[in-house]
Amino acid sequence: MSYKKTDALMRHLRDSGIAINGAKQKRQLINTGYFHGYKGYRFFENSQRRLPFTSYEEVYATIQYDSALKSLLYGKMMFIETAIKNIALESILVNANSESIQDMYDKVVSGYNNAPANATIDQKRKMQQNKLNLQNSIQSSLANAYKKNNPKITHFYNNVGYSDVPIWALFEIMTMGDLGYLLSCLTYDVRDDISKRLGLNVASDTDRQLIYKYIYTLKDLRNAIAHNSVVFDTRFRNIDPNSAMKQCLKLEIGLPYVNFKTIGDYIILMSYYMKLLNVSKTEIKAFIRDFEKITDNYKASVNSNVAGIVIHPDLTARMNIMKNYL
């Protein structure tokens, strides 16, 4: 297959029923890229659901909408990630009564020997396997950071006075995925402690899984933002929410349902976390309003068939429920 130059790609778009012409749109197509831009944005969620664009203007508006969403979410996501890390870190240090990683493994991570009394042999083995996997991934994170000469880590290994990296330094190099995995390996009591420090509604969360399930949910969005992947249609979504994840938000906020199939649910989850983290009502409401404004602007710049697919019909109602909850 031969490679098409920009003019040929523009002709190809026109043949596909998408009006595109002039130097300005040619430059937009070059800047956003045919493959990253048009091919990445011409469908919703999966390639079977094509968006019924009639002009390149609408394609470009969709790319702009996606960019605006990422800009809006980035700072808030970093804030939430850092705050949750620090709350979890404090709980782990208190419960291990030590800043040694080995003490963390011994005292606050689940394994064969400290499994709950009612655990089956299989469950104990699974906990032990998870613990070993955790130790493995922490070792390789530290080895990687050392290899890359990360001063947060080399400082401890290249200094006669230290023998090991403290837990808090490990937390500095953890990704959000690492954090989620660590949280999932902690003992029930420590997960319970972190859930309470955060103020999560644990009424429907009997196994105290929310703290890591929600982190995994946010991690998918966070990584999509960081790698400049498409976010507006939640194609980054990797999880199927369990009943506790749905119940918590339904009970707390008063939503009729939650499924994380639309970007609105992620806005709701982030807003819920900001409220738990004592961000002011004014700031959270401004965040929601910015999201609504970006979405309204987008809606006005595409035909109603495209808007009908991209913007969920009950988005406004859901955002109002969220604002009332605040």
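Keep in mind that this is a model prediction, so the values were computed, not measured. Side chains included, hydrogens not; waters and symmetry mates left out as well; all remaining heavy atoms used.
- Shown here is Arg49, whose CZ atom has more than 12 heavy atoms of other residues, nucleotides or ligands within 6.0 Å.
- The main-chain N or O of Ala244 is never found under 3.5 Å from a side-chain atom of Asp205 such that the two would form a donor-acceptor pair.
- Looking only at distances, a side-chain donor or acceptor of Asp220 sits under 3.5 Å from a matching main-chain atom of Asn238.
- At least one donor-acceptor pair under 3.5 Å links the side chain of Gln25 to the backbone N or O of Asn21.
- Remark: Glu57 CD is loosely packed, at most 12 non-hydrogen atoms of other residues, nucleotides or ligands lying under 6.0 Å away.
- In this view, Lys285 satisfies the side chain to side chain donor-acceptor pair (under 3.5 Å) rule with no residue, not counting sequence neighbours.
- Remark: side-chain polar atoms of Asp233 are paired, donor with acceptor, to backbone N or O of Glu45 under 3.5 angstrom.
- With rounding to the nearest 0.5 Å, the separation of CE in Met176 from CG in Leu221 is 8.5 Å.
- Remark: the Tyr257 side chain and the Asp314 side chain contain an N/O donor-acceptor pair separated by less than 3.5 Å.
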Met319/Leu315 under side-chain contact (heavy atoms from CB on, under 4.5 Å): CA gap, chis, key distance, verdict: CA-CA 6 Å; Met319 291 301 134; Leu315 181 70; 3.9 Å; yes
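- Rounded to the nearest 0.5 angstrom, Glu283 CD and Asn278 CG are separated by 12.0 Å.
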Distance-only criterion, 3.5 Å: show the donor-acceptor pairs between side-chain atoms of residues 121-128 and protein atoms not counting sequence neighbours.
residue, atom, partner, partner atom, Å
Gln123, OE1, Thr120, N, 2.8
Gln123, OE1, Thr120, OG1, 3.4
Gln128, OE1, Tyr112, N, 2.9

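- No path of Ile, Leu, Val, Met, Phe, Trp and Tyr side chains, each step under 4.5 Å between heavy atoms, connects Leu51 with Phe43, placing them in separate hydrophobic clusters.
- A side-chain donor-acceptor contact under 3.5 Å links Asp178 to the backbone of Thr175.
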When you look at Glu58 and Asn303, which way does the side-chain hydrogen bond (donor to acceptor under 3.5 Å, both in side chains) test go after all the steps? CA-CA 8 Å; Glu58 296 176 316; Asn303 72 66; 2.9 Å; yes
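- Checked against ring pair (Phe, Tyr, Trp, His ring centres under 6.0 Å), Tyr216 has no partners two or more places apart in sequence or in another chain.
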Please test Val109 against Asn114 for side-chain contact (heavy atoms from CB on, under 4.5 Å), starting from the C-alpha separation and ending with a verdict. CA-CA 9 Å; Val109 172; Asn114 63 353; 6.0 Å; no
Stepwise ring pair (Phe, Tyr, Trp, His ring centres under 6.0 Å) test for Phe44 and Phe232: CA-CA 9 Å; Phe44 191 83; Phe232 78 101; 5.8 Å; yes
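- Asn223 has its side chain out of reach of Phe236: every pair of non-hydrogen atoms, C-beta onward, lies at least 4.5 Å apart.
- Considering Ile173, Leu142, Ile138, Thr154 in turn, Leu142 is the only one that fulfils the side-chain contact (heavy atoms from CB on, under 4.5 Å) rule with Val165.
- The closest side-chain heavy-atom distance from Arg318 to Ile268 is below 4.5 Å.
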Going by atom type alone, with no hydrogens or angles, which donor-acceptor pairs under 3.5 Å involve a side-chain atom of residues 87-96 and a protein atom two or more places apart or on another chain?
residue, atom, partner, partner atom, Å
Ser91, OG, Asn95, ND2, 3.2
Ser91, OG, Asp193, OD2, 2.6
Asn95, ND2, Ser91, O, 2.8
Asn95, ND2, Asp193, OD2, 3.0

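- Annotation for Lys131: atom NZ counts as buried by contact number, over 12 foreign heavy atoms lying within 6.0 Å.
- Within the 4.5 Å cutoff, no side-chain heavy atoms of Ile225 are placed close to those of Leu69.
- Contact annotation: the side chain of Tyr38 approaches that of Ile18 to within less than 4.5 Å [non-hydrogen atoms, C-beta and beyond].
- For Tyr298, the ring pair (Phe, Tyr, Trp, His ring centres under 6.0 Å) partners two or more places apart in sequence, or in a different chain, are Tyr65.
- No path of Ile, Leu, Val, Met, Phe, Trp and Tyr side chains, each step under 4.5 Å between heavy atoms, connects Leu251 with Tyr325, placing them in separate hydrophobic clusters.
- A donor-acceptor contact shorter than 3.5 Å is absent between the side chain of Asp192 and the backbone of Tyr188.
- With a 4.5 Å cut-off on side-chain heavy atoms, Ser16 and His12 count as touching.
- Remark: the Asn242 side chain and the Gln209 side chain contain an N/O donor-acceptor pair separated by less than 3.5 Å.
- By the ring pair (Phe, Tyr, Trp, His ring centres under 6.0 Å) test, His155 is found to be paired with Tyr162, residues two or more places apart in sequence or in another chain being considered.
- Rounded to the nearest 0.5 Å, atoms CD (Gln135) and CG (Asn130) are 11.5 Å apart.
- There is a path of hydrophobic side-chain contacts, each under 4.5 Å, that joins Ile239 to Met77.
- Using a 4.5 Å cut-off on side-chain heavy atoms (C-beta onward), Leu13 and Leu9 make no contact.
- In Tyr74, the OH atom is not crowded: 12 or fewer heavy atoms of neighbouring residues, nucleotides or ligands sit closer than 6.0 Å.
- Clustering ILVMFWY residues whenever any of their side-chain heavy atoms sit less than 4.5 angstrom apart, transitively, puts Ile101 in a cluster other than the one holding Leu132.
- Under a 3.5 Å cut-off, the side chain of Ser98 and the backbone N or O of Ser100 do form a donor-acceptor pair.
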Show, in sequence, the C-alpha distance, side-chain angles and deciding distance for Asp189 and Arg208, and conclude whether the salt bridge (charged side-chain N to carboxylate O under 4.0 Å, His left out) test is met. CA-CA 9 Å; Asp189 291 344; Arg208 299 297 183 266; over 6 Å; no
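- Between the Arg14 side chain and the Ile20 main chain, a donor and an acceptor come within less than 3.5 Å of each other.
- Panel note: side chain Ser184, backbone Tyr181; a donor-acceptor pair is recorded below 3.5 Å.
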Residue pair Leu249, Phe260: steps toward the side-chain contact (heavy atoms from CB on, under 4.5 Å) verdict: CA-CA 11 Å; Leu249 296 176; Phe260 294 110; 3.8 Å; yes
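- In this structure, a donor-acceptor pair under 3.5 Å is present between the side chains of Glu252 and Tyr272.
- Distance check, rounded to the nearest 0.5 Å: CG of Leu170 to CG of Leu179 gives 10.0 Å.
- Between Tyr214 and Tyr273, the ring-plane angle classifies as perpendicular under the 30° and 60° cut-offs.
- Between the Arg191 side chain and the Asp207 main chain, a donor and an acceptor come within less than 3.5 Å of each other.
- Under the 3.5 Å distance criterion, with hydrogens and angles disregarded, a donor-acceptor pair is assigned to the side chains of Lys70 and Asn228.
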Given the rule in the side-chain contact (heavy atoms from CB on, under 4.5 Å) test, do Lys323 and Asn320 qualify, once you have shown the distances and angles that lead to the verdict? CA-CA 5 Å; Lys323 284 186 279 197; Asn320 288 335; 3.6 Å; yes
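- Here the straight-line distance linking atom OG1 of Thr295 with atom CD1 of Ile263 works out to 9.0 Å at 0.5 Å rounding.
- Counting heavy atoms from C-beta outward, Asp265 and Lys261 have side chains that stay 4.5 Å or more apart.
- We find the CG-CZ distance between Asn305 and Phe53 to be 11.5 Å, quoted to the nearest 0.5 Å.
- You'll find the side chain of Ile211 stays beyond 4.5 Å of the side chain of Ile215, heavy atoms only.
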